[in-house]
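See below for the structure under consideration.
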Amino acid sequence: MSGFNKVVASYQEALAGLEDNMTIIAGGFGLCGIPENLIQEIKRKGTKGLTVVSNNCGVDDFGLGVLLKDRQIEKIIASYVGENAEFERQMLSGELEVVLTPQGTLAEKMRAAGAGIPAFYTATGYGTPVGEGKEVRTFNDRNYILEESIKGDFAIVKAWKADTYGNLIYRKTARNFNPMAATAGKITVVEAEEIVPAGELDPDQIHTPGIYVDRLIQGTFEKRIEQRTIRHSGEQ
Amino acid sequence: MSGFNKVVASYQEALAGLEDNMTIIAGGFGLCGIPENLIQEIKRKGTKGLTVVSNNCGVDDFGLGVLLKDRQIEKIIASYVGENAEFERQMLSGELEVVLTPQGTLAEKMRAAGAGIPAFYTATGYGTPVGEGKEVRTFNDRNYILEESIKGDFAIVKAWKADTYGNLIYRKTARNFNPMAATAGKITVVEAEEIVPAGELDPDQIHTPGIYVDRLIQGTFEKRIEQRTIRHSGEQ
Amino acid sequence: MALTREQMAMRVAQELQDGFYVNLGIGIPTLVANYVPSNMEVMLQSENGLLGMGQFPTEEEIDADLINAGKQTVTVAKGASIFSSAESFAMIRGGHVDLTVLGAFEVDVHGNIASYMIPGKLIKGMGGAMDLVAGADNIIVTMTHASKHGESKLLSQCSLPLTGKGCIKKILTDLAYIEIIDGKFHLLEHAPGVEIEQIKALTAGELVVSEHVKEMNI
Amino acid sequence: MALTREQMAMRVAQELQDGFYVNLGIGIPTLVANYVPSNMEVMLQSENGLLGMGQFPTEEEIDADLINAGKQTVTVAKGASIFSSAESFAMIRGGHVDLTVLGAFEVDVHGNIASYMIPGKLIKGMGGAMDLVAGADNIIVTMTHASKHGESKLLSQCSLPLTGKGCIKKILTDLAYIEIIDGKFHLLEHAPGVEIEQIKALTAGELVVSEHVKEMNI
């Protein structure tokens, strides 16, 4: 077996070493492109005191929401949490610490962590509650705030197609935060819809090179839709 | 004609508005993936006093080297300039201003410019001549220097396949600096080997979205090889 | 008469230009897509990572992997591209989007905008709104001129936590089209049948009314 | 006898592990690829934007669009991926590469390295070397122990402009394998037939020779 084969045999193995009070970076936007089964495995393990970095926190009974219900999350760093009643309850009661972070800043914090950039300046959030306590600096007459990168003990990622070496391709807008999350974990765990032998993917068309991936497992996905909006045939 | 059609009719039109003393960001690494014909058009125009931002500066008679010969470049920001005798002569004689910049920092400066990030911290260059005069800052017990983004008046880019809307796909390692350069020009000009109608490229497989591209032209390319290294059949 | 939501969207759509890349927020801004003039094309950016958002899918086309920033199922338009959220916000933060339209709770004469939080009441998060207002040069805020209780939303100083500081220049309300210049609201247009006095009464921040104010053409 | 370039590459290759992502600099480091043990696989990263660099192409395979960081035509290995230079250096700077091997003019007891410039003589630029030494935890410097004129390249303080500060821990020369610990060179191994006294004489920086020094196994 090649040393580059990242495939593991079970979800248990995929998340081995995940312990209480660790930080998890999660891919996904809303319920789209979320690592459903890895989240379920965290629920099954019952790991507590987690810090979760994710754009959203799922809904009450799906996605990261299931970890909220079990009170496994202590702190969440997210940009939008409006879809989740339990979330709001825990936040308002002070049981859950929430750090609201602008979506683009969150994406860039993950990317920066993976790219060895400890901090960067952005105009986003200057003069708002997000900028409070952060350094302000002027470049070309504009004010920017300093934002630091966020690294995870684990990153959990959902891909569409992977090869055994961990090269990943995402499908449509299920890509979202997954490529940055994949770079930002000390241990990056990926679940994919399909795993093909190394060498089958076009090197020019890989979204996440396998160097970022530590463990890989094939899963089946519910892919729940949050807002099912349709038009009727013939309608513009 | 759609407002998104970026195709122009001539190289003259492609570089209309390029004036003396402007800054040009160029894609390419060595002679690989360089916008050959756009460079030739700059030579033809005779634009002077240029600041060029590019990883390399071509060779004496090809790539950006042809602009050196005509003394069109006043300043170059590059990581490696060892392939060019005329370059060395102009640099040592003080005719050409050279800012040596680490390759990864250069790539990131271009990306940052395109991404609205005025500056970022990197460990690269700390304690070296590159770090002189730059702010040093400690994050998690490590020292980093502050590097600012670089924007160009023009960016010149070579793609493999483009659609009329300016969506780009690069081929193999001819990708290199081109995707970042494409984001960093006030006006981004692309030459491609092939232009197909919008809608023909898979949205999941586009390397540079058309939003970054202002003008697009189809060219034919010499694709000169700098180091022709081969193995003989049967050789390992 | 105050404009309806649809009329507001129609007025905003007049600001579109052929070849514009546009980000439309949730609510009234979304409706703008329905009024793109037929002689032009615009491309919609959805900040989760899609440039070239198409119409809603049919039942057969529906795809859980293809949604917009409002988490609605969508399709792709001709010439679309899909990318990561980091790339999407590089595009937004880097100022590559030509026009951003979004809603707000309040705007003030300094160009400040409050749109994401009502302390103690509504804490859903800013999503991409802070990046959008910080990154775009060309922003139109759409909102009703006043609350249901008749309180002005155009203030001398925002009272709610800010989404962005000094970044708003244009506001389209159900009563007026207003530009912010040098720390003052300037009335550009009034809605058909709406009296300038009514707009003045409902604008808490300083309002400049020049002799060139026009009636909106809807 | 001092090691040949090939023998130096062979010794470095012993530090490889199955599944390592490795960046090899120009010169002796490049030769390391020829000595990867047959029971393991490593993947070569080329900083222009290729992970999984293959062997040189045949005349028929040659492709101007596929080169390595030394501008040589190459091929791709199984499971390769190709990406932008920004992504490539994100990988490097972010510490994702398992081992970096590169040459140098000088190294000192503080782990400083000078490898890119001889003022007034050689000014070709640092290319990716500064990013590589700043980004990697695990770096092996390969160089001859002394210049042709017998001047030590292992110094108490580098004299040339630095490529990186405090980032080097291991050095493989034609005479010795040395580790830097707490501001001193520690001799780990000597080349077969090379006297420790000779190594001492050619090492300008402080050299610690423990009783556990081994002869290199080539």
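FYI, side chains are in, hydrogens and waters are out, and symmetry mates aren't considered; it's all heavy atoms of this structure. Naming convention: chains lettered A, B, ... in sequence-line order (proteins, then strands); numbering from 1 in each chain.
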| request: Could you tell me whether Y212(A) and H96(D) have their ring centroids closer than 6.0 angstrom? | output: yes
| query | If you check every heavy atom in residues 99-136 of chain A against those of chain D, which residues fall under 4.5 Å? | reply | R111(A), G114(A), A115(A), G116(A), I117(A)
| Considering residues, nucleotides and ligands other than K184(D), do more than 12 of their heavy atoms fall under 6.0 Å from its NZ? | no
| message | Is M91(D) close to chain A through its backbone or its side chain, or both, or neither, when contacts mean heavy atoms under 4.5 Å? | response | both
| Candidate pair F105(D) and Y116(D), rule ring-ring contact (aromatic ring centres under 6.0 Å, His included), full reasoning | CA-CA 8 Å; F105(D) 301 142; Y116(D) 86 103; 8.5 Å; no
| task | Please confirm whether K6(A) makes a cation-pi placement over Y165(A), using NZ or CZ under 6.0 Å from the six-membered ring centre and within 45° of the ring normal. | result | no
| task | Tell me, yes or no, whether the heavy-atom count around L146(A) atom CG, taken from other residues, nucleotides or ligands under 6.0 Å, exceeds 12. | result | yes
| Cation-pi check, R142(A) onto Y144(A) ring (under 6.0 Å, within 45° of axis) | yes
| field | Region of E87(D) that comes under 4.5 Å of a non-hydrogen atom in chain A | value | both
| said: With a 6.0 Å cut-off (strictly less than), is the heavy-atom count around CG of D20(A), excluding the residue itself, greater than 12? | reply: yes
| field | For chain A, the option from S81(D), G95(D), G52(D), A134(D) that forms the most heavy-atom pairs under 4.5 Å | value | S81(D)
